[in-house]
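Written out below as structure tokens is the structure these notes cover.
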Amino acid sequence: MHRRILAPGALAAASLLLAIPASAASFSPGAPGIGDPYYPNYGNGGYDVSHYDLRLKYQPATDELEGTATILARTTQDLSSFDLDFLLDVSEVRVNGAVASFTTSGQHELVVTPKTPLPKGTPVTVVVRYSGVPSTKSAYGFNTWHRTPDGAVAADEPEAAWWWYPSNDHPLDKATYDVSVAVPDGTQAISNGTLQSTSSKLGWTRYSWRENKPQATYLTTLAVGKFDITTGTSEGGVPVVNAYSKDLGDNDGAARASVERTGELVDWLSGYFGPYPFASAGGYVPDTTTGYALETQTRVYYSPKQFANGSNTSVVVHELAHQWYGDSVSLKGWKDIWINEGFARYAQWLWSEHEGEGTTQELADYVYASHPADDAFWTVKPGDPGPDDQFDIAVYDRGALAIQALRNEVGDDAFFAILKGWPQEHAYGNASVADFRAYAERVSGKSLSALFDTWLFQPTKPAAPAARGAAIAGKAGTVAQPKSWKKIAATNDVH
């Protein structure tokens with residue numbers, strides 16, 4: 001992906017004066033960051049969003065986007081002004097119906113000052129009118145808006161929203177969404193959730209999508225282009241919507257042979273993780289040049305490159321596993337990325353076992369033996385990898401190895417109870433690695449602090465006995481490579 005270099009900034013621009021009655025002196029600006037140490041200026045303080053209503057018009061030929069975003073929120077402090085994360089050109093902002101003043105700050109902050117200050121606990125409706133050419137905008141040296149020959153795609157992690165709608169851009173502030181997009185006739189607009197309606201007028205077709213469960217901003221996607229759209233329902237009753245660019249060329253067959261199995265794989269994963277948490281599932285494969293896939297909620301983004309060597313159900317399993325681990329249950333802070341990536345990788349190991357191409361233990365043995373003690377792989381701590389190593393392969397492979405160690409420690413009965421119970425315990429919310437450890441201890445009845453410390457937080461290769469029975473002692477070259485390994489390794493660029 002891209003490295004992000006963030007200028008140091010104050011994490012808190014205001015104090016919460018909880019004991020003092022609201023007065024002119026008590027109103028202060030919301031912080032320009034939500035408080036995440038990995039990305040100090042991502043998200044914002046002072047309010048909590050409940051719903052985004054995005055009404056957009058996009059012209060693929062010129063990459064021009066026009067929009068009106070209506071944001072429903074509630075203040076969490078006595079607020080004199082607040083920030084939104086956004087890059088496009090704003091023409092008007094209204095707060096609770098009144099015109100508000102606004103300016104920009106830093107690399108991606110829109111600073112809004114309401115006509116009158118907002119007391120803590122006030123319901124707020126913010127309307128932002130805007131326009132611009134997203135492909136011309138950058139922040140911190142990168143751009144996450146992907147133009148395609150027939151449109152564009154918004155899908156990236158940990159940020160993508162700034163290029164197409166104003167938001168409180170951090171997973172801690174999840175919200176429901178209505179995304180309505182007008183595009184020229186013959187072009188489609190795809191987003192998260194369920195398609196509520198389509199309508200055509202004067203050469204434009206409007207697609208209105210709704211995600212009725214809380215969704216993190218980076219999991220919100222928009223794809224505009226010329227697609228072949230397939231619909232169906234899984235055997236378990238989950239509606240499935242998939243879309244394929246009409247220009248996938250030689251990758252078209254392999255993409256369909258993989259993504260069209262979404263319904264089957266959702267049902268299979270439900271056996272491990274519990275009922276599918278959303279009203280629809282699916283994925284889309286646009287004509288992009290990026291190499292990664294991303295678990296955009298209910299509508300997974302896949303790069304055509306994922307299918308360059310043939311079909312790959314393993315990548316579909318990975319991204320669908322995220323619907324439980326990462327989407328329904330989202331991280332509290334970006335340091336908790338292991339809960340997303342370790343479990344999505346472990347789902348691939350479970351699929352390997354299901355397919356008879358290597359058990360989870362055989363895969364754990366192979367990962368352990370493939371990295372000698374002096375390999376930099378072991379210096380990355382999956383439980384808190386740091387922003388530069390957030391998507392390092394160790395977060396995925398060492399992260400899955402930690403899950404196998406947990407399984408060996410608590411036994412299969414407790415392990416699979418944890419695997420299924422966790423997404424229900426924190427459904428549609430946020431949780432941390434510490435929360436997961438506490439949950440695993442409660443279900444298993446065992447103290448797991450040493451195991452978690454060894455496998456997730458120590459920058460060294462764990463001694464094999466620390467796995468408490470895992471047969472992972474060995475040297476590189478002495479453990480056979482499982483048949484599924486190359487398929488799994490081919491997904492190393494996914495999220």
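Side chains are part of it too, since the values below use all heavy atoms of this structure and drop only hydrogens, waters and symmetry mates.
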[Y] versus [X], side-chain donor and acceptor atoms under 3.5 Å:
X	Y	value
S234	Y276	no
Y165	Y177	yes
D36	H170	yes
H495	Y396	yes

Taking the six-membered ring for Trp, is the centroid-to-centroid distance between [X] and [Y] below 6.0 Å?
X	Y	result
Y284	Y244	no
W268	F273	no
W334	Y218	yes
F436	H426	no
W422	Y439	yes

Decide, yes or no, whether a salt bridge links [X] with [Y] under the criterion of side-chain N to carboxylate O below 4.0 Å.
X	Y	result
K487	E357	yes
K420	E425	no
R210	D178	yes
E441	R437	yes
D228	R256	yes

Any cation-pi pair here, K461 with Y368, using under 6.0 Å and within 45°? yes
Please confirm whether K381 makes a cation-pi placement over F457, using NZ or CZ under 6.0 Å from the six-membered ring centre and within 45° of the ring normal. no
Looking only at non-hydrogen atoms, find the nearest pair between A321 and A347 and report the distance. CB-CB, 3.5 Å
Got more than 12 heavy atoms from elsewhere within 6.0 Å of CG, D412? yes
